[in-house]
Amino acid sequence: MYYCFAGAHASVVASAIHCGLLPTDRIPSHEEFLAIPYYDRTLPELIGQPYLMGEDARGNSVYFMGLCNQRQQIDNMIRTILTVVGIHDGKYILQDAFPLITFSTKLGGLLSKRYCLTNLGRSMSIWGIQRCYPQFVELVENVKRRLE
């Protein structure tokens with residue numbers, strides 16, 4: 001089984017929770033977010049490229065990717081390609097994490113990536129994610145329940 005969380009910062013956080021790299025019982029610190037592989041480190045031109053975050057407790061591969069403003073089109077394309085190569089629903093889960101992103105996280109990503117204000121942008125994006133972190137945990141728990 002493969003999982004893919006989509007939505008840049010949101011997908012990195014959700015996939016890190018799923019792989020056990022972030023806690024589910026508390027809100028992580030600023031430093032814990034920065035320790036996640038890829039957090040605010042992927043290049044804008046690589047939007048749409050899946051990255052392997054790791055494996056979950058069951059040995060399933062967990063990927064993430066940023067989709068920018070083409071979420072539905074890329075989702076449809078991925079599903080079509082997987083079907084063509086013989087991987088059908090039930091062998092993978094595509095989960096959009098982008099709806100959990102707050103304005104401050106979007107603004108932080110913009111400041112970090114487009115305007116090269118990395119420290120300010122990362123701090124702002126992390127603050128935004130910390131404010132809604134329980135929703136990220138809930139999203140991941142819902143995905144895990146779909147496996148049972």
Side-chain angles (χ1 to χ4, degrees), residues 1-24 27-28 30-116 118 121-122 124-130 132-148:
M1 179 77 72
Y2 299 92
Y3 309 97
C4 186
F5 292 94
H9 287 93
S11 64
V12 171
V13 171
S15 62
I17 293 168
H18 195 106
C19 290
L21 300 175
L22 286 175
T24 58
I27 296 171
H30 186 271
E31 292 75 22
E32 287 174 295
F33 281 104
L34 292 179
I36 301 170
Y38 306 107
Y39 189 84
D40 195 47
R41 290 182 188 91
T42 55
L43 300 173
E45 59 267 19
L46 298 178
I47 294 293
Q49 176 178 324
Y51 292 86
L52 177 63
M53 178 60 74
E55 291 186 350
D56 68 6
R58 295 181 175 201
N60 298 305
S61 297
V62 179
Y63 294 83
F64 70 91
M65 72 177 139
L67 299 179
C68 204
N69 58 357
Q70 302 295 318
R71 292 190 342 254
Q72 188 59 52
Q73 293 88 340
I74 293 175
D75 181 270
N76 292 340
M77 179 188 68
I78 291 169
R79 290 179 190 280
T80 300
I81 290 171
L82 290 174
T83 300
V84 167
V85 299
I87 302 173
H88 300 283
D89 284 343
K91 297 287 184 185
Y92 65 89
I93 295 174
L94 298 179
Q95 179 63 55
D96 188 2
F98 185 78
L100 299 180
I101 292 296
T102 62
F103 175 75
S104 58
T105 302
K106 290 177 192 176
L107 181 59
L110 180 70
L111 291 172
S112 178
K113 294 295 186 188
R114 186 168 296 163
Y115 298 108
C116 299
T118 308
R122 283 183 182 164
M124 187 175 285
S125 69
I126 288 170
W127 180 78
I129 290 172
Q130 286 173 320
C132 61
Y133 190 76
Q135 294 170 332
F136 280 91
V137 172
E138 183 179 342
L139 175 79
V140 171
E141 293 302 322
N142 287 338
V143 168
K144 288 181 178 181
R145 276 194 288 278
R146 288 167 54 190
L147 303 171
E148 299 170 354

Nearest heavy atoms of T102 and G128, plus distance in Å: OG1-CA, 3.6 Å
R79 CZ to H88 NE2 distance, which is reported to the nearest 0.5 Å: 13.5 Å
Steps toward side-chain contact (heavy atoms from CB on, under 4.5 Å) verdict (K144, D56): CA-CA 10 Å; K144 288 181 178 181; D56 68 6; 5.5 Å; no
Exercise: identify the closest heavy-atom pair between A14 and F136: N-CD2, 4.3 Å
Under 3.5 Å: donor-acceptor pair, side chain of T105, backbone of S125: yes
Smallest separation among heavy atoms of C132 and L100, with atom names: SG-O, 3.3 Å
Gap separating the CD atom of Q95 from the CD1 atom of I93, nearest 0.5 angstrom: 8.0 Å
Residue E55 excluded, over 12 heavy atoms near CD under 6.0 Å: yes
Donor + acceptor pair across side chains of N142, R145 (<3.5 Å): yes
Reported CD-to-CD1 distance for the pair Q135 and I101, which is rounded to 0.5 angstrom: 10.5 Å
Student check: side-chain heavy atoms of L34 and I126 closer than 4.5 Å: yes
Reported NE2-to-OG1 distance for the pair H18 and T24, which is rounded to 0.5 angstrom: 12.0 Å
Q130 side chain near F33 side chain, heavy-atom distance below 4.5 Å: yes
G54 to C19 - nearest heavy-atom pair and separation: C-SG, 3.7 Å
Pairing residues for P23 by the side chain to side chain contact (heavy atoms under 4.5 Å, CB included) criterion, not counting sequence neighbours: D25, R26, P28, E32, Y133
Ring geometry between H9 and Y39 (parallel below 30°, tilted from 30 to 60°, perpendicular above 60°): perpendicular
Residue pair D40 / T118, side-chain heavy-atom distance below 4.5 Å: yes
Side-chain touch M65/S11, heavy atoms, less than 4.5 angstrom: no
Side chain to side chain contact (heavy atoms under 4.5 Å, CB included) against L82, all qualifying residues, sequence neighbours excluded: I78, I87, Y92
Side chain to side chain, Y51 and Q49, heavy atoms closer than 4.5 Å: yes
Spatial distance of atom CE (M53) from atom CD1 (I17) [nearest 0.5 Å]: 10.0 Å
Closest approach of R41 to I36 (non-hydrogen atoms, all atoms of both residues): NH1-O, 3.0 Å
Closest heavy-atom pair and its distance - G121, L111: CA-CB, 4.0 Å
